[in-house]
Amino acid sequence: MIKVALYDAKAYDRPSFEHYGQMHDMKFRFLETKLNEDTVALARDCEAVCVFVNDTVNAEVIEKLYEYGVKIIALRSAGYNNVDVKAAFGKIHVVHVPAYSPYAVAEHAIALLLTSVRRIHKAYNRTREFNFSLNGLTGFDFHGKTVGVIGTGKIGRIFINICRGFGMNVIAYDLFPAPDSGIDYVPLDELLSRSDIISLHCPLTDETRHMINADAVEKMKKGVVIINTSRGGLIDAEALLEGIKARKIGAACLDVYEEEADVFFEDRSGHILNDDLLSRLISMPNVIVTSHQAFLTEEALNNIAETTVNNILSYFKNDGLCDNELCYRCGHIDHCRKERKERCF
Ligand code: NAI
């Protein structure tokens with residue numbers, strides 16, 4: 001029996017993890033608390049830990065897990081900016097779920113965009129109070145507008161296809177443009193200055209942190225709509241707020257927020273929100289915030305649980321293999337073991 005401490009467990013995680021765990025003799029300990037230096041001891045007798053986007057997996061936590069004999073950290077997410085993979089190298093293997101439903105995220109980005117531009121959130125509230133006035137609900141056609149997509153991986157490309165269905169002109173920026181993809185790649189500055197709508201689909205790295213800052217906002221078209229379903233740290237939220245106050249940014253659709261870790265995924269109604277910046281953003285009539293829910297579809301939850309269980313199994317049952325292990329960029333370019341689909345170390 002493989003024992004797994006599953007941190008930051010929510011009610012919606014349990015059925016799928018219990019289902020796939022039972023199939024493979026794997027016992028999940030569902031812990032409501034997040035993983036950090038104070039809670040790491042709860043994994044003391046486990047062989048694996050399963051973490052989500054707001055768990056803290058820094059060098060100190062990794063050292064403790066290593067001390068306890070934990071062999072593998074299984075992220076039930078695609079993004080892994082909360083894990084110090086360098087500190088884990090040589091000690092604990094880290095696996096993730098590279099794709100569970102890119103459609104879920106791309107479709108949520110579109111849902112936010114449509115809601116925002118066509119003022120559906122306002123209309124919903126109005127008609128529930130029998131207010132059938134249309135004042136202030138004017139939107140704009142998507143057809144013929146230019147959408148700039150930053151990051152053309154799995155999610156970005158699905159988003160692009162949906163946008164093309166609306167008749168939008170798509171331009172894109174990616175550090176590694178996909179050859180023969182038929183995507184019209186442009187330099188980042190050109191994308192910022194030409195786009196009516198900008199959607200972020202690249203990972204959070206040292207390079208991309210605050211890529212949408214005051215300088216970037218300055219280059220944008222007046223009235224631009226910004227969508228972020230990727231990671232909060234891509235946007236300097238202060239600069240975003242200033243852009244909104246200056247009427248430069250027409251609307252913002254945010255599923256992620258840089259300081260979301262202490263707020264998102266929890267019911268904070270009835271509490272005083274200490275984050276003034278988030279409060280101010282939410283108070284804006286042209287900002288829509290969802291709390292990191294883009295992934296949340298039945299299909300995605302099943303895929304996440306199935307892949308996570310298989311990732312953990314591949315380590316314990318297949319000697320030398322470790323499915324979906326993160327690349328540690330150890331510098332051994334010539335003899336990278338992952339090229340041979342083996343464990344990193
Ligand atoms: P992917 O790895 O398939 O694509 C990422 C793309 O970004 C790649 O084409 C890559 O070349 C590009 N990229 C890397 N560095 C870049 C840079 N400096 N500038 C521009 N482009 C760069 O990833 P996928 O599956 O499409 O996911 C994208 C992001 O979506 C993830 O990193 C994750 O943070 C986020 N995500 C959010 C979810 C949510 O619920 N809100 C759920 C799943 C993922």
Side-chain angles (χ1 to χ4, degrees), residues 8 10 12-13 51-55 75-83 85 96-113 148-163 170-192 195 198-213 216 226-235 252-258 260-261 263-265 288-305 307-308 324 326-327 329:
D8 203 6
K10 296 285 183 278
Y12 51 77
D13 291 316
V51 299
F52 198 46
V53 294
N54 290 325
D55 289 301
L75 281 144
R76 50 184 196 282
S77 62
Y80 51 88
N81 51 284
N82 53 329
V83 181
V85 282
H96 73 146
V97 184
Y100 33 91
S101 178
Y103 299 99
V105 182
E107 288 168 14
H108 190 77
I110 294 288
L112 286 172
L113 180 62
V149 178
I150 301 181
T152 57
K154 292 174 284 297
I155 296 170
R157 286 201 212 186
I158 293 165
F159 182 83
I160 287 173
N161 285 342
I162 300 174
C163 288
V170 179
I171 55 176
Y173 168 74
D174 196 300
L175 202 56
F176 308 100
D180 307 324
S181 59
I183 296 172
D184 182 9
Y185 287 103
V186 298
L188 181 58
D189 279 0
E190 186 179 333
L191 180 144
L192 296 175
S195 301
I198 296 174
S199 196
L200 306 176
H201 299 287
C202 62
L204 176 63
T205 61
D206 289 344
E207 205 171 5
T208 59
R209 188 175 299 280
H210 288 188
M211 75 190 304
I212 304 301
N213 55 19
I226 298 177
I227 312 164
N228 189 5
T229 55
S230 201
R231 282 294 178 267
L234 296 175
I235 296 183
C253 307
L254 310 174
D255 185 52
V256 285
Y257 172 68
E258 189 164 16
E260 70 179 46
V263 185
F264 281 15
F265 302 116
I288 295 184
V289 174
T290 51
S291 41
H292 209 135
Q293 100 180 50
F295 74 98
L296 195 63
T297 64
E298 283 175 19
E299 291 82 356
L301 288 174
N302 265 319
N303 289 339
I304 288 169
T307 308
T308 302
N324 296 316
L326 289 175
C327 183
R329 308 223 188 279

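In listed order, ligands and their atoms are each counted from 1.
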dist H210:NE2 -> E258:CD (nearest 0.5 Å) comes out at 3.5 Å
Where the side chain of N228 meets the backbone of V256, is there a donor-acceptor pair that is under 3.5 Å apart?
no
Under 4.0 Å from ligand 1, counting heavy atoms only, is it the side chain of I155, its backbone, both or neither?
both
Please list the nearest protein heavy atom to atom 22 (C) of ligand 1 with its residue and the distance rounded to 0.1 Å.
C202 CB, 3.6 Å
Option with minimal heavy-atom separation from atom 2 (O) of ligand 1, where the choices are H201, K154, E207, H108
K154
Tell me whether the count of non-hydrogen atoms from other residues, nucleotides or ligands lying under 6.0 Å of CD in E190 goes above 12.
yes
At under 4.0 Å between heavy atoms, is it the side chain or the backbone of Y100 that contacts ligand 1, or both, or neither?
side chain
Could you tell me the residue and atom name of the protein heavy atom closest to atom 11 (O) of ligand 1, and the distance to it rounded to 0.1 Å?
D174 OD1, 2.6 Å
Which of the ligand 1 atoms, numbered from 1, are nearer than 4.0 Å to a heavy atom of Y173:
19 (N), 20 (C)
Which residue from R157, Q293, M211, R231 reaches closest to atom 33 (C) of ligand 1 through any of its heavy atoms?
R231
Which residue and non-hydrogen atom of the protein lie closest to atom 37 (C) of ligand 1, and at what distance in Å?
T229 O, 3.1 Å
What protein heavy atom sits nearest atom 30 (O) of ligand 1, and how far away is it?
S230 OG, 3.4 Å
Rounded at 0.5 Å granularity, tell me how far NE2 in H108 sits from CZ in F295.
10.5 Å
Determine whether a donor-acceptor pair (N or O, by modelled atom type, separation under 3.5 Å) exists between the side chain of D255 and the backbone of A294.
yes
Determine the sole option in I171, I226, V186 for which the side-chain contact (heavy atoms from CB on, under 4.5 Å) test with S195 is passed.
I171
Residue among L254, I235, T229 satisfying side-chain contact (heavy atoms from CB on, under 4.5 Å) with L200
I235
Among all protein heavy atoms, pick out the one at the shortest distance from atom 40 (O) of ligand 1; state its residue, atom name and that distance to 0.1 Å.
F295 N, 3.2 Å
Within the 4.0 Å heavy-atom shell around V105, which atoms of ligand 1 are there?
38 (C), 42 (C), 43 (C)
Test of ring centre spacing under 6.0 Å for F264 and H292:
no
Nearest non-hydrogen atom to atom 32 (O) of ligand 1 belongs to which of P102, P203, P98, A172?
P203
Record the part of T208 in heavy-atom contact with ligand 1 below 4.0 Å; permitted values are side chain, backbone, both and neither.
side chain
So if I count the atoms of ligand 1 from 1 in the order they appear, which ones are less than 4.0 Å from some heavy atom of H292?
39 (C), 40 (O), 41 (N)
Interfacing atoms of ligand 1 (cut-off 4.0 Å, heavy-atom, F176)
11 (O)
Value rounded to 0.5 Å, distance of CG in D8 from CZ in F52
7.5 Å
Would you say the side-chain atoms of Y103 and T297 include a donor-acceptor pair closer than 3.5 Å?
no
Could you walk me through whether L192 and I198 pass the side-chain contact (heavy atoms from CB on, under 4.5 Å) check?
CA-CA 8 Å; L192 296 175; I198 296 174; 4.0 Å; yes
Quick check: does T205 get an N/O under 3.5 Å from an N/O on ligand 1?
no
Looking only at protein heavy atoms, which one is nearest to atom 4 (O) of ligand 1, and what is the separation?
G153 CA, 3.2 Å
Which of these, N81, V256, L175, has its nearest heavy atom closest to atom 21 (N) of ligand 1?
L175
